[in-house]
2 protein chains.
Amino acid sequence: MRRGRPGKRAAILAAAGRVFGRDGYARAGIDAIAAEAGVSTRTIYHHFDGKDDLFSAVVTASTAQVADTLTELIAAHLNDPAAPPHRALVALAHDWIAAQAEFADHFAMVRQINIEATHVPAAALHTWHETGPARVMAALTNRLAAMARQGTLRVFDAERAASHYLLLTVAAIDAASYHGAVPLPAAETTAIITTGVTAFLDGYRPRAQDTA
Amino acid sequence: MRRGRPGKRAAILAAAGRVFGRDGYARAGIDAIAAEAGVSTRTIYHHFDGKDDLFSAVVTASTAQVADTLTELIAAHLNDPAAPPHRALVALAHDWIAAQAEFADHFAMVRQINIEATHVPAAALHTWHETGPARVMAALTNRLAAMARQGTLRVFDAERAASHYLLLTVAAIDAASYHGAVPLPAAETTAIITTGVTAFLDGYRPRAQDTA
DNA sequence: CCCAATCTGCCACGACCGTTGTACTTTAGC
DNA sequence: GCTAAAGTACAACGGTCGTGGCAGATTGGG
């Protein structure tokens, strides 16, 4: 049974997400989280065993929420495996980026986890990966494989194709915007996504008639 | 004029690079760096103004070294713009990954900078970007443009093409290996690179004759 | 309304760590 | 070999912060 009042607990989780996302684990202070939540520091220790426990509770909660959101986006945009791929893949990337902005705090925490992967217990890292990224990747892989079966895509390994798609769109945006730290003009965002999807579909090898 | 003896200064820089890379900025202690360098903590404050100053000195030094290494790799592997691209791009990616392993501490520090981009003075971030990534990207962009002029590649925007190449190879490896935290079997490394280069060249759109 | 759980404010302990002062020893160059 | 710069060992200050204790206020269910 969880300790304390659920309302307070939810407020603490939300506030901790904001503070951890903004300041990072090390910089984030229990006092700051308590103030943000409108709660006394003592109450935080009523609900959680300490800073580590609070952090992992926040991450597991937001991980599930984000994974749900992203899998829904995938299902919505790639529901028709016979549809022309360019338009759907561009639209999906746009919404994906929007989700990253909406859950910016979550992704900031995840980046910290990845950076400190060496200092994080391997078991926690593994369970996080299973409930989050692996779930989303499986959904995306599944849809790309369906598109391949329809002849919409030419895919040898659907999982690698999913990786490549995300790298050329989402990761490209992340790199250009310093993971959201530097805001990107909407036009540039669109340009990165469309050129990324074009590269994903067509590649950079000269066409046969070009070499003439 | 730099303070202190150059030998000690070099030892401090090297040790600080190792400790910062291994433990991260926050976790890294001046005492640990001093011990690693075989130097008293007081000597560190003789050479540098403090932890921040030491960190930025380490980063600027290794940034120049890494940028040199990578631009040399680019020049060596893409020296012939008329050569078949697949082989050269795969070989370059392999050596690039090897360089990332060799300078693992540097890249660990860079990742920290990127994560904490919000908390780093914008001027320092900008000069770092100019002397490091921007230099390397310019070199790679230049070579891809040359290949495009030779008809080896079909490129609209050489800089985006350079990004896409790195995303599909280097970034793919980084993501799979948690930035080097989880060692990757050599076979998997090769598979990621070759499939990445194949995607870069050929994309995923069905060939005309496939749709028959 | 009452009681038990919960929450609050405040204080304090203890650990960690960056930084500095000081007195002493070592090193390098003239 | 002398001298000034550089390095060392050690202790201490100061700040931050996680954590817990405690007494009293508050809250919500029976």
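Lettering of chains follows the sequences in order, A, B, ..., and the numbering in each one begins at 1.
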Nearest-Å distance for atom pair CD1/P, residues B/I33 and C/dT19: 10 Å

Roughly, in whole Å, what's the span from CD1 in A/I12 to P in D/dG18? 15 Å

In whole Å, I'd like the distance from the NE2 atom of A/H46 to the P atom of C/dA4. 17 Å

So does A/T43 get a side-chain nitrogen or oxygen closer than 4.0 Å to the phosphate oxygens (OP1/OP2) of C/dC7? no

If only side-chain N and O atoms of A/H47 are considered, is one of them under 4.0 Å from the OP1 or OP2 phosphate oxygen of C/dC7? yes

Nearest-nucleotide comparison on DNA chain D, the residue closer to the 5′ end among A/Y25 and A/R42: A/Y25

Do you know which two heavy atoms are closest between A/R135 and A/A67, and how far apart they sit? NH1-CB, 3.5 Å

Anything under 30° is parallel, anything over 60° is perpendicular, the rest tilted; go ahead and classify B/Y25 against B/F20. parallel

When all nucleic acid strands are considered with a 4.0 Å heavy-atom cut-off, which category describes A/G38: base, sugar-phosphate, or nothing? sugar-phosphate

Looking only at side-chain N and O atoms, does A/H77 offer a donor or acceptor that is under 3.5 Å from a partner on A/D95? yes

Pairing donors with acceptors under 3.5 angstrom, does anything connect the side chains of B/T60 and B/T63? no

When the distance from NZ of B/K8 to P of D/dA5 is rounded to whole Å, what number comes out? 19 Å

It should be established whether A/Y45 places a side-chain nitrogen or oxygen under 4.0 Å from OP1 or OP2 of nucleotide D/dG20. no

A/K51 NZ to C/dA15 P, in whole Å, measures 18 Å

Would you mind classifying the nucleic acid contact of B/A34 as base, sugar-phosphate or nothing, using non-hydrogen atoms under 4.0 angstrom? nothing

Rounded to whole Å, the CD1-C1' distance (A/I44 to D/dG20) equals 14 Å

Rounded distance in Å - CZ (B/F48) to C1' (D/dA6): 15 Å

Nucleotide C/dT20, atom C1' - distance to CD1 of B/I30 in whole Å: 13 Å

Between the base of D/dG7 and the side chain of B/R5, is one N or O donor paired with an acceptor at under 3.5 angstrom? no

Which part of the nucleic acid, if any, lies within contact of A/A32, taking any heavy atom under 4.0 Å across all strands shown: a base, the sugar-phosphate backbone alone, or nothing? nothing

Closest to the B/S40 side chain: C/dT19, D/dT8, C/dT8? D/dT8

Can you tell me how far the NZ atom of A/K8 sits from the CD1 atom of A/I44, to the nearest 0.5 Å? 11.0 Å

